[in-house]
Amino acid sequence: MHDLSVLNKPQREAVECLEGPLLVLAGAGSGKTRVLTYRIANLIQHGVAPWNILALTFTNKAAREMRERTEALVSASAADMWVMTFHSCCTKMLRFDADKIGYERNFLIYDDGDQMNLITDILKQMGKNDKNVPKRQIKEMISDAKNMANDPVAYLEESFADDLTIEVFKRYQKRLKEANAFDFDDLLLKVVELLKKNPDVLEKYRKKFKYVLVDEYQDTNAVQYELIELLCREHSNICVVGDDDQSIYGWRGADIRNILDFEKDFKGAKVIRLEQNYRSTSQILDAANAVIKNNTGRKSKTLWTDKKGGEKITYELVPTEREEASYICKTILQNVKNGAKYSDHAILYRMNAQSRVLESTLINYGIPHKVYGGMRFFERKEIKDILAYLRLIYNPNDDVSFLRIVNVPKRSIGDSTLKKLADKAEEMGESLFVAAMDDTGLDSKTASKLRSFTDTMAELMAMCATMPLSLFTEELINHIGYEAYLRSEDKKGETEGRMDNLRELVGNIAEIEKDVDEDSEITALQAFLENVALVSDIDGMNDENDTVSLMTLHSAKGLEFERVFIAAMEENIFPSSRANARLSLDDMEEERRLCYVGITRAKQKLYLISCETRMLFGSYSSNRRSRFVDEIPPELIEMPQPKKQQATLSSFGGSSSALYPQHASAHMLTKKTETVASKPKTAQSPVAKQFSVNDKVRHAQFGEGTVVNVSGTGSTMVVNIHFADGKIKNFAAAYAPIEKI
DNA sequence: CTGTCGTTTATTTTT
DNA sequence: TAAACGACAG
């Protein structure tokens with residue numbers, strides 16, 4: 001049996017409180033996953049059947065972790081428990097009963113891009129595709145409405161949405177249903193509808209899920225709240241775990257009041273606070289506490305640790321974002337030299353756009369790294385194209401996929417052809433693909449063009465049934481001549497990379513195929529498409545590779561690293577300019593919570609960096625350092641003395657004062673190279689390697705090339721290398737993994 | 001229908 | 001900066 005003595009007092013209390021509503025306020029790093037898993041184990045220990053337990057998370061990673069750790073505790077297989085994300089749970093419920101609310105059970109899930117495409121098409125049909133229509137905004141409003149309420153139209157009307165938005169919403173919903181698709185918001189909303197309209201279904205799940213646990217409760221929105229309430233109202237065996245200070249998804253509809261009002265909502269709720277932090281040193285924790293203290297309306301809570309002392313936080317002010325990146329790189333190399341691993345380090349930032357400079361500098365220094373988030377694998381054009389073929393095979397009513405690929409590769413099917421088809425489909429009350437299959441009522445030219453597509457699809461559909469999905473996908477790519485198409489469109493030599501991605505996709509499919517049970521009614525295709533929709537790259541994060549992690553502050557929630565860099569601690573970036581401009585207290589407090597999340601990711605050491613001047617959206621801007629830096633008590637931070645002489649780019653030297661850097665004049669920054677500017681503070685650089693023009697070199701990552709230019713000397717030497725594949729790059733000679741050959 | 005060219009606009013995005 | 005989108009000519 002598992003050993004409760006590893007738990008501290010409040011943890012044990014939470015684990016042993018099995019009945020009735022329970023709110024666990026779990027500060028960052030206070031062992032909430034441990035509490036959740038031990039509590040589940042304890043339920044089972046007390047005779048609760050695994051299939052009576054539902055544990056909901058937001059990420060697949062959290063779900064996987066909870067499942068694995070629980071299984072380790074209870075030895076018995078926890079296969080019958082539902083430990084999954086809200087969206088997976090709802091998908092599963094809809095696979096059983098979607099027919100009861102007028103959908104088919106082989107529905108598809110539309111992601112953001114699909115939603116956008118659908119809205120674009122709707123606007124086009126309405127003759128409103130001019131650029132003055134704020135498509136993005138309409139999409140956001142639709143999503144907001146679905147997150148806030150179970151009657152989105154009423155919500156939109158009440159919030160004085162314009163007529164266009166309401167009309168688009170209605171059509172959007174109708175089109176989704178015709179395509180037999182749910183968007184992410186619908187997965188939740190429609191389950192609530194299902195449960196409300198079908199008392200028998202509700203009863204089934206109420207009986208089944210006698211014990212419900214919810215992770216990251218502070219991030220639940222109104223619909224998730226309603227789902228939980230529907231399932232738990234009767235028995236009230238609801239345990240929620242969360243931290244109001246880590247609520248950072250308000251802009252996605254998460255309602256912090258859910259956690260603040262839990263005790264009111266569930267009468268007799270027990271509240272347990274986990275305030276002992278096992279992650280960070282007291283220096284870091286004190287800083288986090290000091291920052292978050294500036295927020296109002298929190299559940300009172302003060303994290304403490306017995307890891308006294310530790311290294312001070314380092315604050316560094318550098319001239320530009322390039323120096324920021326090289327400062328980070330050099331510090332990482334220094335740490336690694338002193339025995340740290342690359343994977344002990346994370347670089348966090350407010351916006352994905354910041355990752356570019358960081359990444360290119362990491363490459364220059366030869367530091368292994370991985371960028372999480374940003375453009376997701378499944379959002380790449382080539383992947384979405386091939387996926388669209390698979391989706392249309394799975395569900396011929398999927399108009400979004402149809403529109404995506406009907407002319408990819410080029411089949412001379414453009415707007416006018418599609419207009420004729422859309423009219424016909426409308427008349428028939430059928431989807432585009434179904435309408436295209438039948439040429440009656442179309443002129444011969446239109447019909448023959450469409451046939452070039454439908455014939456291809458028919459062949460593919462027949463082929464699909466005869467072979468494993470991974471093999472079929474390979475065949476599909478060949479069959480439609482996709483590589484040739486890519487080449488014909490390619491201007492920047494991207495074809496190879498895109499084909500590599502497609503090979504990765506095929507590999508991905510093969511993986512899933514392996515796990516699909518031969519006899520189960522779920523086909524590999526369905527399992528794969530569902531996986532694509534519901535899984536993100538951070539879910540696949542593993543500790544096996546020794547790499548530096550780069551990600552946004554948002555994506556870092558739930559993770560921890562020995563050493564954390566937070567880049568761009570600057571007003572208008574972090575806190576973001578929007579939070580500033582709107583002067584909205586709520587927005588500012590959410591930014592502060594984000595900062596709190598960032599700080600508390602660090603176990604051992606935190607670095608905060610800001611720039612005097614930063615290239616942003618194509619122009620230079622100067623922002624004073626973030627207010628959050630100033631909210632940290634000075635005794636916790638090491639602030640380097642303003643340096644009089646920077647090694648290079650000394651034009652900035654005089655402009656920095658320790659407190660508020662004045663705006664450096666932008667025109668001085670015309671030099672544009674991937675140059676490492678400032679001199680390393682200590683003699684940590686490897687023996688300076690000497691390069692000269694025309695040297696043949698080999699780079700660990702990019703292969704062989706020729707040095708075409710050299711600038712600087714010693715540790716600041718930068719070499720410009722022309723690689724065999726045509727790429728030209730700059731490297732910091734002293735650090736990059738290059739050698740003469 | 002397709003390619004090119006200018007214009008516009010830029011958080012965060014667990015799912 | 002750069003990518004994404006729409007206008008417009010071929």
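Chain identifiers are assigned alphabetically (A, B, ...) following the order of the sequence lines, protein sequences preceding nucleic acid strands; residue numbering begins at 1 within each chain.
An OP1 or OP2 oxygen of B:dT13 is reached within less than 4.0 angstrom by a side-chain nitrogen or oxygen of A:T552. For the pair A:S555 and B:dT13, the criterion of a side-chain N or O lying under 4.0 Å from OP1 or OP2 is met. An OP1 or OP2 oxygen of B:dT15 is reached within less than 4.0 angstrom by a side-chain nitrogen or oxygen of A:N60. Within the structure, every side-chain polar atom (N or O) of A:K557 is placed at least 4.0 Å from both OP1 and OP2 of B:dT12. An OP1 or OP2 oxygen of B:dT12 is reached within less than 4.0 angstrom by no side-chain nitrogen or oxygen of A:S576.
A distance cut-off of 5.5 Å between ring centres, combined with a plane angle under 30°, leaves A:W251 outside any stacking arrangement with the base of B:dT13.
Straight-line distance from the CG atom of A:N352 to the P atom of B:dT12: 5 Å, rounded to whole Å. In this entry the distance linking CE of A:M569 with P of B:dT11 reads 20 Å, nearest Å. Straight-line distance from the CZ atom of A:F58 to the C1' atom of B:dT12: 16 Å, rounded to whole Å. Taking atom NE2 of residue A:H554 and atom P of nucleotide B:dT14, one finds them 10 Å apart after rounding to whole Å. Distance CD1 (A:I566) to P (B:dT12): 16 Å, rounded to an integer number of Å. Atom C1' of nucleotide B:dT14 and atom CG of A:L559 are separated by 11 Å, given to the nearest angstrom. Summarising the geometry, the separation between CG on A:D215 and P on B:dT15 is reported as 13 Å, rounded to the nearest angstrom. Whole-Å rounding puts the A:F617 CZ to C:dT1 P distance at 14 Å.
Across all strands shown, A:K61 has no heavy atoms under 4.0 Å from either base or sugar-phosphate atoms. Counting non-hydrogen atoms under 4.0 angstrom, A:D111 reaches nothing in the nucleic acid. The residue A:T417 sits close only to the backbone: its heavy atoms come under 4.0 Å of sugar-phosphate atoms, none of a base. If you check every strand for non-hydrogen atoms under 4.0 Å, A:D185 touches nothing. In this structure, A:K135 reaches the sugar-phosphate backbone alone: every heavy-atom distance under 4.0 Å involves primed, P, OP1 or OP2 atoms, never a base. In this structure, A:Y249 reaches the bases: a heavy-atom distance under 4.0 Å links it to at least one base atom across the strands shown.
We find the CD-OG distance between A:E590 and A:S247 to be 5.5 Å, quoted to the nearest 0.5 Å. Atom OG1 of residue A:T320 and atom CD of residue A:E324 lie 8.5 Å apart, to the nearest 0.5 angstrom. Considering CG of A:L108 and OH of A:Y103, their distance stands at 12.5 Å, rounded to 0.5 Å.
Nearer to the 5' terminus of DNA chain B, by closest-nucleotide assignment, is the contact made by A:S416 (compared with the other of A:S416 and A:A254). Looking at which nucleotide of DNA chain B each of A:G618 and A:S88 is closest to, the 5′-most match is held by A:G618.
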Please list, for nucleotides 2-4 of chain C, all pairs of protein and nucleotide N/O atoms separated by less than 3.5 Å.
{"residue": "C:dA3", "atom": "OP1", "partner": "A:R356", "partner atom": "NH2", "Å": "3.2"}

Query raised in the report: Would A:Y249 and A:H554 satisfy ring pair (Phe, Tyr, Trp, His ring centres under 6.0 Å), going step by step from the backbone distance to the final call?
Result: CA-CA 8 Å; A:Y249 284 100; A:H554 280 88; 5.3 Å; yes
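Judged by distance alone with a 3.5 Å cut-off, a donor-acceptor contact links the side chain of A:R252 to the base of B:dT15.
Of the candidates B:dT11, B:dT2, B:dT15, B:dT2 carries the atom nearest the A:S412 side chain, counting heavy atoms from C-beta on. Closest contact between the side chain of A:T59 and the listed nucleotides B:dT14, B:dT11, B:dC1 involves B:dT14.
Using a cut-off of 4.0 Å between Lys/Arg side-chain N and Asp/Glu carboxylate O, A:R391 and A:D114 are scored as salt-bridged. Here A:D219 pairs with A:K557 in a salt bridge; the nearest charged N to carboxylate O distance falls below 4.0 Å. A salt bridge does not link A:K445 with A:D443: none of the charged nitrogens is closer than 4.0 Å to a carboxylate oxygen. With respect to A:R624 and A:E570, no salt bridge is recorded, no charged nitrogen being found less than 4.0 Å from a carboxylate O.
Considering only residues two or more places apart in sequence or on other chains, A:D215 meets the side chain to side chain donor-acceptor pair (under 3.5 Å) condition with A:K32.
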